[in-house]
Every structure is written in C-alpha cells, then in structure tokens.
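Computed from a predicted model, the values in this text were never measured in an experiment. All chains are named by letter (A, B, ...) in the order of the sequence lines, taking the proteins before the strands, and each is independently numbered beginning at 1.
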There are 2 protein chains.
Amino acid sequence: MPLTLEDIAKISGVSRSTVSRVINRDRRVSPVTRERVLKIIEDYNFYPNLAARGLASGHTNVLGVVIPAGVPSLFTDPYFPILLQGVSTACNRQDYSVMLSISDVKFEKRLVGRLVQNHLVDGVIVASTLIGDPIQTTLANSDLPFVIIGRQPNLVANVIDVDNRQAVHQATDFLIKQGYTRIATITGPLNQMAGVDRLEGYKDALISAGMKLDPRLIAEGNFTEAGGYFGMKALLQFMPDAVFAASDVTAMGAIRCLNEAGLRVPDDIGLIGFDDIPASSTVTPSLTTIRQPIQGMGEAAANLLIEIIESGSKESHCISLPTELVIRNSTARVNHNQQLKDEEIVQTMIKEEIENSLLTRPVQS
Amino acid sequence: MPLTLEDIAKISGVSRSTVSRVINRDRRVSPVTRERVLKIIEDYNFYPNLAARGLASGHTNVLGVVIPAGVPSLFTDPYFPILLQGVSTACNRQDYSVMLSISDVKFEKRLVGRLVQNHLVDGVIVASTLIGDPIQTTLANSDLPFVIIGRQPNLVANVIDVDNRQAVHQATDFLIKQGYTRIATITGPLNQMAGVDRLEGYKDALISAGMKLDPRLIAEGNFTEAGGYFGMKALLQFMPDAVFAASDVTAMGAIRCLNEAGLRVPDDIGLIGFDDIPASSTVTPSLTTIRQPIQGMGEAAANLLIEIIESGSKESHCISLPTELVIRNSTARVNHNQQLKDEEIVQTMIKEEIENSLLTRPVQS
DNA sequence: TTTAGTAACAAAACAGATTGACCAAGAGTT
DNA sequence: AACTCTTGGTCAATCTGTTTTGTTACTAAA
C-alpha cells in the first residue's frame, strides 16, 4: 500500500496541510519544519497520488499531444519523433507528463471529447492538423488551453510556427542565383498550411525574379518519399533544371526517381529540400535544405502551453522560430559555380527576423 | 464549469450512485431508468471527471509507454512511431489512453518514480531497453503491471517479442543458399538483446552450414544509418560477398557506403536487412529483409497489458510474434540465380512456429 | 399471513490530496 | 499593558467519483 500525505504527516508530527504546503512550496512553513518533512518524504520515497491532487487542485500537470489521423508521413518522416522528443524534454523539465493521442478516424470524436471534457490534461498541443479539421473548432469552443504547431487560416489561437513562405522564398532565390532557370516544385499536401505556404513562397520567388509561373512545373506531393518519386516523375517530361521539394523525405523520393532516369544531381538537376532531417547530410549527394528547428518547436509549444496554463492568460500568442538555409551539394553546379566542398556552408536567414521572431508576440485576444 | 455526476443525478431525478451505476454498466439499474439517464448524459454531453474516478476506483485507464534515453535510433528509425501507433490503436479500442515517457538521462529516475509511485498509469510498456537497465528491476520490484517489448536476460516478466535468433538464422541460410560464401554482418547495439540475438542467429547459420566464423566479418553497429555506413566501411577491406545488416536503416547506410566504393548490390555484394520499414521496398535495389510486425507488437503489448491489469493475473506471459523473410532484389545475384522480378516473393517462415507463437503462453510466476 | 429473498434505488462513507478559515504565540507599537 | 501584525500551523470543507450499506417495495415460498 503506498503512503499518503496523512502517513507522512503522522511520521513527521505535523498536520496533513503542512506536508501539502511543503510539497507545493508554499512559503508559510518554517525552514526547519520544511527540511524535516522533506527528509522524511525522501526517506520514505513518498509521491503524492496524482488523481487526488488533480481532483483537489483542478489540474493534472499533463499535456496532451494530438496527432491527427490520416497523416501519411507519420511513419516515414522523422518529424514526429523529433517533435515529440522536444515536447517531452520541455515537459520533463517542468514536471509535466505527456499524453499522446494518435487519433484514429474511427475514434477521433470520442478521443477529443475525452481529452477536452474530462480533465485528463491541462492543455493540448496539436501537431500538423489539416486545414479546417474540426478538432480546431472543438478546442476553440472549449475552455481548454491549446497550442497549434503550424498556423491555421481563420483561427485565432496560440501558434508555434516557422515562416514557411519566407524561408522557401529565400531558398528559391538561392536556386535562381545559382543560375537555374526552369525551377519546379514538388509540394506538400495542400490541405495543410505548411504545404500551401511553401508553395506560395516558391511562387513569390519566381514572380519577384520576373520569371513566369509554369503550372506544369508544380507537382503535388504529400511529404512522403513516394510522393517525391511520383512528383518528380511527373515533372521530368517538362524538363526542369531544379526542384524545390517541400520536405527532405520528398526530396529523397525525387533523388530516387532521378537516379533511375539517369540524371545527376546537381549537374543535371538542382534540388532543395525542407526540414534538414538527419538523413539529409548523409544522402548522396548531400541535400541543400531549409533547416527548421523541429525539436525546438516541440519545446516551444510545451513551454508556451505551460506558461498559458499557469498564468491563465487569455491572449493568443504566436511564436515564429527561425529557419536557416543549409547549403550542401545538391545545388552545387559544376559548370556554374565552383564545386562546394564537403563542409557545409550555413547561411543564416535575415538576422532581424530571427531576433524578432524569438519574442512572444501577443495578438488580439 | 463542467457537469458532474451530481448535476446529472439532479436533472434525472435519481441519486448520484445510480448515475454512476449507469455509466459503469452495473446491472442493478432498471432498463427504463438506465435509458433515461443515458439520454440525459448524451444530451448534456457529460464526461466523468477522470481524476475523481481514478481516486475513487484506484485505476486511471492510462498506460505508460517508456522509451529509454540514449537510444540513438529514436530519431531516424520509423520503428518507434509505428510501435506507438500500434499501442495507440489498441488503447483507443479499449478506452485507454497513452502516456508517453521519452526518458531523459537527467530525469530518468524521477520519471520512473512518478510513473510507478503515484498512480498516474495502470501499467507500463517498456520499449527497447538496454540490457540491465535499472528500470527493469524498478518495475519488477513495484507492483505495477508491465510488459517489455523485446526479451531481457534473467528477467521473468511479460514479454512481447519476435524470435530474432531464429529469423536471422533463416535469413542467413538464404544467403548461403544463394551461393554467397563470405557472409558478414553489421550488428545492432550489443547492449540490446535484439542486437545480441540477431548476431547469434547469424553465427548459428554459419556454424550449422559448416562455415567458419571470421570475427573480421562482424562489425558492430547501432541500428543507425551511420552505423551501417561505417560498419560497411570497416568490413570492406575483408572482402565479404554478402552482409546481414541488423536493421533496414543499417542496411541503407551500408548501401551508401557500397555505392561510394563503386560496388554493386546484389552482384558484388548481397544484402539483407531487418524490419521491413516502408523505405525498404523503394530503395534501389529493393531490400531483402526480415519483416517483423512492429505495429502488431505494439498492439499486442497494449492488449496483453490491459488484460493483465483487468484480470489481475500474476503469471508472466510471453508472446512471440511471427516474422517473414521478404525477398527482394538486394540478394538476387545475376550470375548465380535468375534475376528476381519486381514483384516480391514472400516466403513465410516455418509455419508451425507461427501458429504456436500466436498463443499466449504462461510461464512460471 | 408471515418470512425470506431480491430488485431498484438512496444515503453515506470513502479515496487522498488542496486550500481557505481560523488560532496561538511571539514581535513590534504606542 | 493593551493592541495589532506576522509567523507557522491546525482544522475542516472541498473536489467528483465509486462502493458499501441501508431502505423500500415487491414477489415467491412456507
């Protein structure tokens, strides 16, 4: 039978409430009593019953992480484990636990109901939702604090994001500067904002460089390897000389397709990805890519959520984390520029933006 | 303010206990009352407070999943997301939730303490622990039910596993049958049983084929791509003509190394992996591999744990799931056998074993 | 017609924390 | 000396369910 507060109180010769205050760092306990009780708690290896604590205090110190159903890249993209690691790290540090909901079409409604209604978690982090996913409005209508990773249209909420559009704009500019002229893209799923924004960034760059958009050079992908492969296959007939792939995994698929077609990267076709997953630096050729701080986004989401929970703030916060363009060999044309050596050249994106974006900016409430 | 049992009771004109009975499917409620109360619960969208329920009933309907710190493949191997998906699916189906503990060296002790001591979860699933990880004894000494994925030496516990040794034995036999003679291996981390068992299976096959073991043909890896790359690099000087890589990701690293060295798979070197992750069928050449039912293992672990929790069984159960050898192009020597076509030939492993292993076998308690 | 048994529900006792109200003792003021 | 603060604590209410015990009304058996 596990110990209770009552037991500890009896052993230390104080009342239950005093022990509770010691545990909760209430300052109305004399240092000497505090020390004595703490020692006993330590000695007896006592942990308070979280259910009781949750019932009495109204909070559980648990954050929910919802990963929606129907995300094809869940199994193949290291994005999710890295994100989870970030959330987990931040939670560990602040004595929160992580409740994982990989939702399932069949159980989605019930799952979210449970999460929202029955006080299992103090707040929720939502990762890569589809545009218009009902979970957003469910959460918005509840009084449960939540943070969305990746902005959503028409939704005032707490958001952690990177500036996808701007980042891709820059990366595409880089391709243009390298002398590529028929620049194509394999998009992400266009039912996710990240997919849409990255496509817009690509368009922005071409337009502002005075190049014309050719719809035949845009292939829709879905952040998977297979999506990259088939996207590339579709593009090949229109002879692009460079491709922006909306994720690194997509780029890997494109490389496979190009290898099969006997085309060489970067000489025949330049390639840029997005994410900078571990494999990007080891693939041949190593992949030029836009690095986003995936783990950092997980941590930021958890930290923001915890802050909101504990402060009870009703404002909406948007945090945009910085990206960098990591230049490797997949864009190093022999004929046009000198071949880049193995070492990576990291070009940090606009400095001011980084500095600004690190701050939490309250938006309308 | 959310509704409580009391509210529902008042609305339906019965007592709190009756509402509780309705929710918990206690049969001592007349059908007509039950229907009326159920309707009200539905109408008012009532969900019971889980903290209160946990306090009163002593269980939370939450399973913990512990992924230990210091697993380098966590970020790069799709193993973990797939496993989690399995656990999650099984839990959803039975109204359990999943609490994720990606433990962190720094917080490990506290984390496990919390998990074990304060009734946050009803049971724990432990994935890929290191041999001798103290978490095992901590759990074994607690009265918290737990299931380990992947057997551990000297530990009587509930285990979900595949027969790594036997599966690798078969796969290596297949290499031998294909005519390869200098068969090397890149192992997994030898501080995990899966790593050790797969190495033993490799040795078994060579020995029982009357071939002699050459320690220079054994390179230690760690289930990562980089491990495969450097392992292959180390092996190359001893001129193997086939390699068993202890995971598919490891095999990908080996392929990269071989490409750089100008060697072709399968003609110069045959290659077999383990797992059958999605990428294995799309990589060039497609990878012959031992498929293990990762998602199935997650589901099995959750189902077993829930069964143990609800039955209160004190016996230890071991469930071994079947594997299959999936033959693709990385072992299809042109000179020795006819080239295998694109379609996969799936050779199911010893049939009897599969049938046996699907049963839960109680072991000594 | 009792008596026992049972069905259907209510009432009340928990479960193990948190937290506001209250109180005693000593310190500081005037 | 009387009064007010502050400090450090105790007491008891509270949170929302589950579960045991109690009560009533009815049916079946003696």
Side-chain angles (χ1 to χ4, degrees), chain A residues 1-38 40-41 44-62 95 97 114 116-122 309-310 312, chain B residues 1-38 40-41 44-62 95 114 117-122 310:
Chain A
M1 222 25 14
L3 294 169
T4 71
L5 261 197
E6 189 75 51
D7 299 325
I8 298 295
K10 208 158 289 170
I11 295 168
S12 11
V14 297
S15 77
R16 201 162 75 227
S17 13
T18 302
V19 180
S20 174
R21 294 211 166 85
V22 168
I23 290 174
N24 294 300
R25 297 184 189 75
D26 187 305
R27 55 181 177 63
R28 295 182 306 167
V29 180
S30 68
V32 36
T33 308
R34 175 190 310 283
E35 282 313 313
R36 186 157 48 88
V37 173
L38 276 179
I40 290 171
I41 288 176
Y44 285 79
N45 202 25
F46 166 76
Y47 288 82
N49 179 315
L50 289 187
R53 179 190 281 222
L55 179 56
S57 70
H59 54 86
T60 59
N61 274 35
V62 174
D95 259 313
S97 302
R114 285 185 59 168
V116 171
Q117 295 282 351
N118 55 17
H119 290 207
L120 195 52
V121 299
D122 292 341
I309 290 167
E310 300 194 339
Chain B
M1 219 29 13
L3 294 169
T4 69
L5 264 196
E6 190 74 51
D7 299 326
I8 299 295
K10 208 158 290 168
I11 295 168
S12 359
V14 298
S15 77
R16 205 158 77 226
S17 25
T18 301
V19 181
S20 174
R21 290 204 176 86
V22 168
I23 290 174
N24 295 299
R25 299 186 187 75
D26 188 307
R27 54 182 178 64
R28 292 177 304 170
V29 179
S30 69
V32 35
T33 307
R34 174 189 312 284
E35 281 315 313
R36 185 158 47 88
V37 174
L38 277 179
I40 289 172
I41 288 177
Y44 286 79
N45 202 25
F46 166 76
Y47 288 82
N49 178 316
L50 289 189
R53 179 188 280 223
L55 179 57
S57 70
H59 55 85
T60 59
N61 274 35
V62 174
D95 257 312
R114 284 184 60 169
Q117 295 282 351
N118 55 17
H119 291 204
L120 195 53
V121 299
D122 292 341
E310 300 193 339

With no angle test and no hydrogens, is the base of [N] tied to the side chain of [X] by a donor-acceptor pair under 3.5 Å?
{"X": "A/Arg16", "N": "C/dG16", "value": "no"}
{"X": "B/Thr18", "N": "C/dA10", "value": "no"}
{"X": "B/Thr4", "N": "D/dC15", "value": "no"}
{"X": "A/Arg36", "N": "D/dG8", "value": "no"}
{"X": "B/Arg21", "N": "D/dT20", "value": "yes"}

Nearest-nucleotide pick for [X], side chain only, options being [options]:
{"X": "B/Ser17", "options": "D/dG8, C/dG16, C/dA10", "answer": "C/dA10"}
{"X": "B/Ser20", "options": "C/dA13, D/dT19, C/dA10", "answer": "D/dT19"}
{"X": "B/Val14", "options": "D/dG17, C/dA8, C/dA10", "answer": "C/dA10"}
{"X": "B/Ser57", "options": "D/dT19, C/dA10, D/dG8", "answer": "D/dT19"}
{"X": "A/Ala56", "options": "D/dT10, D/dT20, C/dT18", "answer": "C/dT18"}
{"X": "B/Arg28", "options": "D/dG17, D/dT20, D/dG9", "answer": "D/dT20"}
{"X": "A/Thr33", "options": "C/dA17, D/dG17, D/dG9", "answer": "D/dG9"}

Can you find a pair of side-chain heavy atoms, one from [X] and one from [Y], that are under 4.5 Å apart?
{"X": "B/Asn49", "Y": "B/Pro2", "answer": "no"}
{"X": "B/Leu38", "Y": "B/Val22", "answer": "yes"}
{"X": "B/Ile23", "Y": "B/Arg53", "answer": "yes"}
{"X": "A/Arg36", "Y": "A/Thr33", "answer": "yes"}

- How would you label the contact of A/Arg53 with the nucleic acid (heavy atoms, under 4.0 Å): base, sugar-phosphate, or nothing?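 Here A/Arg53 touches the backbone only, sparing every base.
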- Message: Under 4.0 Å, counting only non-hydrogen atoms across every strand here, what does A/Asp26 touch: a base, just sugar-phosphate, or nothing?
- Response: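 Since no nucleic acid heavy atom lies under 4.0 Å of A/Asp26, the category is nothing.
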- Message: Looking at every heavy atom in both B/Ile8 and B/Ile41, which two are closest together, and how far apart are they?
- Response: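 Where B/Ile8 meets B/Ile41 most closely, the heavy atoms are CG2-CG1, 3.9 Å.
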- N/O donor-acceptor pair under 3.5 Å between A/Arg21 side chain and A/Arg28 backbone: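 No, because the side chain of A/Arg21 does not come within donor-acceptor range (under 3.5 Å) of the backbone of A/Arg28.
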Length of the line joining [X]:[atom1] and [N]:[atom2], which is rounded to integer Å:
{"X": "B/Asp7", "N": "D/dG17", "atom1": "CG", "atom2": "C1'", "result": "13 Å"}
{"X": "B/Asn49", "N": "D/dT14", "atom1": "CG", "atom2": "P", "result": "17 Å"}
{"X": "B/Arg27", "N": "C/dA7", "atom1": "CZ", "atom2": "P", "result": "7 Å"}
{"X": "B/Ile23", "N": "D/dG17", "atom1": "CD1", "atom2": "P", "result": "7 Å"}
{"X": "A/Leu50", "N": "C/dA15", "atom1": "CG", "atom2": "C1'", "result": "14 Å"}
{"X": "A/Leu5", "N": "D/dT10", "atom1": "CG", "atom2": "P", "result": "13 Å"}
{"X": "B/His119", "N": "C/dG16", "atom1": "NE2", "atom2": "C1'", "result": "11 Å"}
{"X": "A/His59", "N": "D/dT16", "atom1": "NE2", "atom2": "C1'", "result": "16 Å"}

- Nearest-nucleotide comparison on DNA chain C, the residue closer to the 5′ end among B/Leu55 and B/Arg34: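 Checking each residue's closest nucleotide, the 5'-ward one belongs to B/Arg34.
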